[in-house]
Number of protein chains: 2
Amino acid sequence: MKQNIKVAVDAIVFGYSNNQLMVLLIRRKYGEQKGQWALPGGFVKDDEGLDTAVVRELQEEAGISVSFLEQLYTFGDQVDRDPRFRVISVAYFALVNPSRLVLKADTDADDAQWFPVQELPVLAFDHADIIRMAVARLQSKLKYQPIGFDLLPEQFLFSDLEQLYATILNQDIDRRNFRKKILSLGVVEETTQKVQQQSGRPAMLFRFNKRKYQKLQKEGISFEIKFA
Amino acid sequence: MKQNIKVAVDAIVFGYSNNQLMVLLIRRKYGEQKGQWALPGGFVKDDEGLDTAVVRELQEEAGISVSFLEQLYTFGDQVDRDPRFRVISVAYFALVNPSRLVLKADTDADDAQWFPVQELPVLAFDHADIIRMAVARLQSKLKYQPIGFDLLPEQFLFSDLEQLYATILNQDIDRRNFRKKILSLGVVEETTQKVQQQSGRPAMLFRFNKRKYQKLQKEGISFEIKFA
DNA sequence: TATATTTGTGTATGCAATACGCATAAGTCT
DNA sequence: AGACTTATGCGTATTGCATACACAAATATA
């Protein structure tokens, strides 16, 4: 069986800080694309699964572990995506919550850094396209799956959640209807703690009940969220 | 760069005839799995894109060309999916309309045949899982994209369309509300032709206006269909 | 001519998304 | 201390869409 195609995995890791959606990028250390920014990723080992490979690469290149991970798409229609040789790349979509947002640059990367999605540098290969697709996936997923909580700390303000939706979906949200809708899903609980921001009325902290969500999900309940 | 992973593509091709959802399968000619039924597919050539590879394989193995094709998922978490060596498979989801449903068995296959999704034979590799995922995709896609028309002849009866939805989604549908909903989307047109079935009032033939759909889609109009 | 069969249409009801106003609990400024 | 600012928290009216449901029209068959 003669075939000479290499298999790589790449990860689009989203984070959220300072009311901005961020993507994790790595500066390439070797080869033609040296110095350019690219998605974290690398070649799959012969004896490891695709999913394992992504987790390993993220650990190696940025010292990061994610809170959500799923396959996005496999890029391999263009034979010359990679100028070195034929590479197909299985792209993964990942989210990290802020507590693990700290990076450790390591062997494969000159540098690992978070970039606002709105201000990306020039990217290697077809990675700009891949990020575009990932953003679209995030936006659509946000509407039918409670995925935003993976981008927030364990306890958060309702205004944070609202801001996150507004930022990622790039639209205004009515605070009152949003709150009503989210609470009606029955998976967000009020804690007993209040927090004072700057001025104004102090806000309650909330928490996402993942266990309850999974239970309801098994019962076939949907979580669609629609906005004006 | 040492890596020894082979890249294959597989296709889940759905057809619709006699009010049944059908899948295209191929009887394997060579190797350990000889005689077993499997999804059409094969190894990708070094100089061809993934998408091209699927189209080629479908032509070679079944002499078929499809009316809808999109990537489904890439299977490669289990290292031993294929007993021969490490293979990752990029699975594609495809639909054929009845006019092209005829098969020509060819070189790579002892036989190519349509099976009702409800009565599948024993399948090679993890192909049963793959089909399950494809059916789920078809069901969910049917609800937010006008994809059912790719399974029907160019001109069809409303009762056909309704039957198709009922069959694939496995639920009853209210004829009056269904018609109202579909027509309100504005992409299904009445032709001038009537057709006599067996007995009863003759029915009008309808046609899907793909051009109009694409135009509306660009304007950001959604096509969600909900049922009781 | 009557009966069975399938297509085609209209209207009432209920629920969920939207729009919108105001009270509350802090800090800040004078 | 009181007036003002800022952000949170809650309730109600409206509207649009999905659902439920019944009868007329056009043909074949007995």
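Note on naming: letters A, B, ... go to the chains in the order of the sequence lines (proteins, then strands), and numbering restarts at 1 for each one. These figures come from a predicted structure and were not determined experimentally.
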For a quick test of reading the model: is some side-chain N or O of B:K226 closer than 4.0 Å to OP1 or OP2 of D:dC17? no
Taking the ring centre of each residue, are B:F14 and B:Y16 less than 6.0 Å apart? no
Whole-Å distance separating the CD atom of A:Q163 from the C1' atom of D:dT8: 14 Å
For A:F178 and D:dC10, what is the distance between atoms CZ and P respectively, to the nearest whole Å? 15 Å
Nearest-angstrom distance from the residue atom CD1 of A:I173 to C1' of C:dT18: 14 Å
Checking side-chain polar atoms at under 3.5 Å, does B:Y213 have a donor or acceptor matched by the opposite partner on B:Q217? yes
Between protein and nucleotides 2-10 of chain C, map the contacts as a letter string: B base, S sugar-phosphate only, - none, heavy atoms under 4.0 Å, written 5' to 3'. ---BBBBBB
I need the full list of side chain to side chain donor-acceptor pair (under 3.5 Å) pairs touching residues 113-126 of chain B, with sequence neighbours left out, sorted by first then second residue. B:R81-B:D126
In whole angstroms, the gap separating C1' of D:dT8 from CD of A:Q193 amounts to 17 Å
Aromatic ring centroids of B:F156 and B:F149 under 6.0 Å? yes
Rounded to whole Å, how long is the line connecting atom NZ of A:K194 with atom C1' of D:dA7? 13 Å
Report the residues that fulfil side-chain hydrogen bond (donor to acceptor under 3.5 Å, both in side chains) with B:R56, sequence neighbours left out, ordered by chain and then residue number. B:E48, B:E60
Shortest non-hydrogen separation from A:L169 to A:Q139 and the atoms involved: CD2-O, 3.5 Å
